[in-house]
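Reminder, nothing fancy here: chain letters follow the sequence lines and each chain counts from 1.
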Protein chains: 2
Amino acid sequence: MNTDNNMVETPKLPEEIHYYLWNRIATLELRPGVKLSELGLAEQFNCSRIPVREAVRRLNIEGALESQPQRGSFVSKINLDKVRKVRYLREVLETRVVLDAFDAGLLDPLVPLLKGMINDQKTMISFNEMEKLTEADTLFHDFFYHLQHKEFVQEHTGRYDIHYIRARRFALGVERSDDQKYDDSINIVSQHERIADAIERHDRQALEDELKHHFRNINHTLEKVSANEEFEALFES
Amino acid sequence: MNTDNNMVETPKLPEEIHYYLWNRIATLELRPGVKLSELGLAEQFNCSRIPVREAVRRLNIEGALESQPQRGSFVSKINLDKVRKVRYLREVLETRVVLDAFDAGLLDPLVPLLKGMINDQKTMISFNEMEKLTEADTLFHDFFYHLQHKEFVQEHTGRYDIHYIRARRFALGVERSDDQKYDDSINIVSQHERIADAIERHDRQALEDELKHHFRNINHTLEKVSANEEFEALFES
DNA sequence: CCCCTCAAACTTGTATACAATCACAAGATA
DNA sequence: TATCTTGTGATTGTATACAAGTTTGAGGGG
């Protein structure tokens with residue numbers, strides 16, 4: 001997110017506050033719609049409003065907060081339109097990165113590694129470790145970017161987009177009841193499996209189709225979940 | 001309850017300042033390396049440092065300014081690495097958008113329109129109207145995004161990236177001497193022409209190749225220009 | 001019970017003041 | 001002359017104070 005220079009700088013106060021709030025919002029500990037106040041945060045961080053204000057302004061730019069003059073600052077609701085747009089970018093870019101790696105013959109020797117990751121993911125589901133599964137899913141996708149030295153693409157494909165990040169927690173079922181979450185999680189991992197299978201079979205067209213299907217999956221899940229009354233308050237109307 | 005969000009809001013001071021500075025930096029009126037100070041800007045805008053500070057912080061996030069504590073705020077040099085990354089995104093995404101439009105058969109009836117735009121571009125070159133050519137180039141590329149209702153993609157493909165924007169002025173020769181600029185400008189317009197020709201000939205592979213060649217053109221131009229001593233000071237080492 | 005009035009408490013927007021650090025130039029010293 | 005010291009101004013970081021608008025809730029009237 002922030003272009004970390006090589007030097008270990010003392011984290012400045014506004015960055016510290018921004019980092020703390022961003023993470024609390026991304027993990028939904030701070031629920032969409034919750035009201036924050038600059039003064040309250042200032043007391044919490046034992047400083048004046050100025051450093052807090054800088055963090056709040058940045059969170060506004062990133063779409064994590066929405067400050068209204070003389071009213072307050074509210075944690076933004078998850079914007080499904082934004083999620084759909086980021087999803088499209090991700091489909092186009094990540095498909096290209098994976099297929100380029102495939103065409104370069106880089107993926108064949110790595111099929112066993114991929115299958116190992118997928119087995120780990122299955123284990124996490126069986127032990128109901130959904131937070132770990134979220135990390136494992138991130139790792140699975142990061143893998144292809146690193147292989148192609150295209151990590152920077154992720155800055156534009158939802159790796160740091162607060163709306164996509166939060167939506168993904170639902171797609172992976174982290175925020176849902178047990179009976180709801182297993183279906184989608186198993187789906188996602190089985191999609192990973194079919195991607196690995198297509199690579200193993202050297203079936204380029206199948207790989208492309210499975211990738212697109214995988215990325216579009218989040219849409220289907222979200223349309224379903226966002227219509228659920230239980231979660232209505234989390235999404236922008 | 002008068003929650004009219006449709007009302008035309010008075011542009012807030014920080015946004016006004018941000019907009020003004022962003023444009024001055026994007027057009028290179030404020031040259032890379034130039035030093036600004038919050039207090040000086042505050043006097044210029046007849047306000048206190050607080051609204052200025054907000055604009056400056058945002059320009060820092062966007063990479064247009066680099067503020068150093070107790071030293072000053074400096075207009076950033078053009079970062080060629082960032083330009084290359086944005087160029088890659090643009091190649092992948094815009095190629096996909098254009099080819100999707102091609103596959104949907106949307107482009108055939110619009111070939112005359114494209115040729116008209118290209119003729120206008122040629123006229124601008126002959127009259128040495130490089131600023132207008134920049135706008136016309138923008139319009140030519142926007143055209144495909146609008147056709148596919150994918151305008152939002154441009155937010156991620158350099159339409160608003162300060163480094164790419166400034167680099168593009170060089171690719172189009174706006175900031176260079178007459179003898180230097182004609183070559184590259186004519187190249188760019190003739191590339192547009194070959195793109196239109198490929199569409200007219202229904203040659204999908206040629207269209208894809210010409211698009212990629214067109215997007216990669218900015219790299220060649222920039223490697224050449226950034227090595228020129230005359231412009232060395234504008235680029236990050 | 002419902003609705004209106006109004007004042008106090010909040011909240012963000014902005015101004016001013018001070019603190020901490022850096023750059024630079026003038027002067028002292030060898 | 002060359003180098004170090006030092007003081008002054010400049011610049012960003014932070015704190016406090018006030019301005020302007022919004023929310024909230026108590027109290028009164030119907």
Just checking B:Asn46: does its CG atom have more than 12 heavy atoms from other residues, nucleotides or ligands closer to it than 6.0 angstrom? no

Side chain to side chain donor-acceptor pair (under 3.5 Å) filter on B:Glu131, not counting sequence neighbours, yields B:Arg169

Among B:Lys181, B:Arg168, B:Arg31, which residue meets the salt bridge (charged side-chain N to carboxylate O under 4.0 Å, His left out) test with B:Glu175? B:Arg31

Would a 4.5 Å heavy-atom cut-off, applied to side chains only, mark A:Lys132 and A:Phe127 as touching? no

Integer-rounded Å distance: C:dC10 P and A:Leu39 CG: 9 Å

Can you pull the contact range of chain A along DNA chain D, 5' to 3', using atoms under 4.0 angstrom from its heavy atoms? D:dT14 to D:dT23

Apply salt bridge (Lys or Arg N to Asp or Glu O under 4.0 Å) to A:Lys150 and list each qualifying residue two or more places apart in sequence or on a separate chain. none

Whole angstroms only, please: what is the CG-P distance between A:Leu13 and C:dA20? 15 Å

Whole angstrom is fine here: how far is it from CG in A:Leu65 over to P in C:dT11? 14 Å

Sequence neighbours excluded, which residues qualify as side chain to side chain donor-acceptor pair (under 3.5 Å) partners of A:Thr134? none

For C:dG13, does the base pair up with any side-chain atom of A:Arg49 as donor and acceptor (N or O, under 3.5 Å, distance only)? yes

Protein and nucleotides 6-8 of chain C: nitrogen or oxygen contacts under 3.5 angstrom:
none

Counting the atoms with a prime plus P, OP1 and OP2 as sugar-phosphate, which does A:Leu36 contact under 4.0 Å by heavy atoms, base, sugar-phosphate, or nothing? sugar-phosphate

Just call it for B:Ser37: base, sugar-phosphate, or nothing, with non-hydrogen atoms closer than 4.0 Å on any strand. sugar-phosphate

State whether the distance check finds a donor on one side and an acceptor on the other, under 3.5 Å, for side chain A:Gln70 versus base C:dT12. yes

Result for side-chain hydrogen bond (donor to acceptor under 3.5 Å, both in side chains) between B:Tyr145 and one of B:Glu151, B:Arg159, B:Glu94 points to B:Glu94

Of A:Ile50 and B:Lys35, whose closest DNA chain D nucleotide lies nearer the 5' terminus? B:Lys35

Under the rule for side chain to side chain donor-acceptor pair (under 3.5 Å), what residues qualify as partners of B:Glu91, not counting sequence neighbours? A:Arg96, B:Arg87, B:Arg216

Side-chain donor/acceptor of B:Arg176 to backbone N/O of B:Phe170, under 3.5 Å: yes

